[in-house]
J.: 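Dropping a structure here in structure tokens format, bear with me for questions.
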Amino acid sequence: MTDTETRRTFITRASALSLVIPGVGSALVACSPRGGERAETTAAQATAAQATGGSHNSDSRLDSSVLRGRAGAATGAPVAGASATTYHRVAPELPALAPGGLQRLSWHAREAPVRIDDTTVVAAWTFEGDVPGPIVHTRVGDTVEFTLTNDADIPHSMDFHAAQIDPKQAFRSAVKGQSVSFSFKPKYAGAFMYHCGTAPVLMHIGSGMFGAIIVSPRDALPAAKEFVLVQNEYYLAAPANGVRASDYQKMLNTLPDIVCFNGRPNQYVKDPIHVKLGDRVRFWVVSVGPSHPCNFHIVGEQFDTVYLGAPPSNSIRGVQTFAVAPGGGMVFDLVCDVAGEFPFVNHGFGHGQKGAIGLLVVES
Ligand SMILES: [Cu+2]
């Protein structure tokens with residue numbers, strides 16, 4: 001066995017070990033206000049629903065804190081046949097900009113089984129059926145027109161960190177069958193998080209409702225091979241019918257079972273990212289948490305430039321490791337002038353060991 005194979009085997013085994021931690025409770029099906037005809041929710045409707053539901057909601061107008069008092073219960077419901085869900089690698093490449101300066105997005109919030117490795121299917125709450133949700137790529141000053149339709153039994157919402165907008169209106173929750181629409185023009189460039197903002201936010205992010213919106217500056221950055229890495233944590237209950245629900249008590253305790261990039265532990269160790277010698281490589285790194293940072297580091301390399309916010313401003317040079325706070329994003333450039341296999345890791349190694357690691361292969 002080569003050194004590389006040994007390292008990959010160790011990493012995979014170490015990650016697999018983290019999956020046997022026993023979970024708490026079994027699946028829970030949350031009750032919630034039921035939506036009627038598909039319709040735009042209004043603030044009045046939402047407020048009325050909140051009043052009748054008697055639920056607290058700090059930053060949106062409906063919530064799922066109907067779960068209050070059931071701490072320790074797992075969230076999400078096992079889905080029939082979910083264990084047959086197939087695995088797919090999440091493409092890390094930054095997608096092209098939408099033409100014409102307009103990005104129209106019509107997404108659905110729904111529950112879905114997501115296979116994150118050979119042994120684990122998560123009963124996830126999702127945007128568009130996957131974890132993370134789709135990568136959005138826009139540009140400073142362009143327009144994002146967004147509609148979220150909720151197909152799920154509990155309320156959900158959307159909070160774009162790239163927007164400056166009244167959150168009580170735009171980020172309000174929709175009940176089943178209803179939609180919320182809003183638009184915005186990003187003011188700053190950067191790697192931004194999006195997530196469901198329905199309370200308790202911890203539960204909605206922890207169950208899979210997150211992703212990245214990448215905002216490029218008007219004046220292009222140096223040409224690069226560009227990739228997006230979204231780091232998240234999973235807090236999972238014991239398997240039931242081949243599926244693992246999320247465990248809210250574990251989320252509160254902030255001791256994750258898995259920490260990973262783009263929703264799958266070790267996926268870029270199994271199937272690395274390839275670039276060519278001489279390439280400039282740009283990682284747009286978003287740490288969605290819900291509770292831990294990504295201490296981003298590339299073994300055997302140094303970052304030529306790290307943009308702390310709004311590239312091309314706020315840059316620092318010659319960096320080994322930089323922490324991306326939960327709820328934050330940064331841009332990491334390196335120039336690949338050495339060939340080889342370079343592990344990119346969360347250098348908080350308790351979390352790197354749980355799956356937040358991948359390989360960048362620089363081909364000569
Ligand atoms: Cu949600």
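Keep in mind that the numbers below use all heavy atoms, side chains included, and drop hydrogens, waters and symmetry copies. Counting begins at 1 with the first residue of the sequence. In listed order, ligands and their atoms are each counted from 1.
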J.: Decide ring-ring contact (aromatic ring centres under 6.0 Å, His included) for Phe322 and Phe332; before the verdict, give the C-alpha distance in whole Å, the side-chain angles of both, and the deciding distance to 0.1 Å.
T.: CA-CA 9 Å; Phe322 213 95; Phe332 295 78; 7.2 Å; no

J.: Tell me the angle that SD of Met209 and SG of Cys196 form around the Cu ion (ligand 1), rounded to 10°.
T.: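 The angle at the Cu ion (ligand 1) comes to 120°, rounded to the nearest 10°.
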
J.: What atom name does the N, O or S atom of His204 nearest to the Cu ion (ligand 1) carry?
T.: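 Nearest to the Cu ion (ligand 1) within His204's N, O and S set: ND1.
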
J.: Strictly under 2.8 Å, is the Cu ion (ligand 1) approached by any N, O or S atom of Ser207?
T.: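 Looking at Ser207, which is the residue asked about, there is no N, O or S atom under 2.8 Å from the Cu ion (ligand 1).
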
J.: Quick one: sort the Phe261 and Phe344 rings into parallel, tilted or perpendicular, breaks at 30° and 60°.
T.: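 Answer is tilted, since the angle falls between 30° and 60°.
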
J.: Can you label the angle between the Phe227 ring and the Phe283 ring as parallel, tilted or perpendicular, going by 30° and 60°?
T.: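 Phe227 vs Phe283 ring planes: tilted.
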
J.: Can you check side chain to side chain contact (heavy atoms under 4.5 Å, CB included) on Ile273 and Leu359, steps first, answer last?
T.: CA-CA 6 Å; Ile273 295 172; Leu359 285 176; over 6 Å; no

J.: Looking only at N, O or S atoms, find the one in His156 nearest to the Cu ion (ligand 1) and name it.
T.: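 Considering only N, O and S atoms, His156 comes nearest to the Cu ion (ligand 1) through ND1.
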
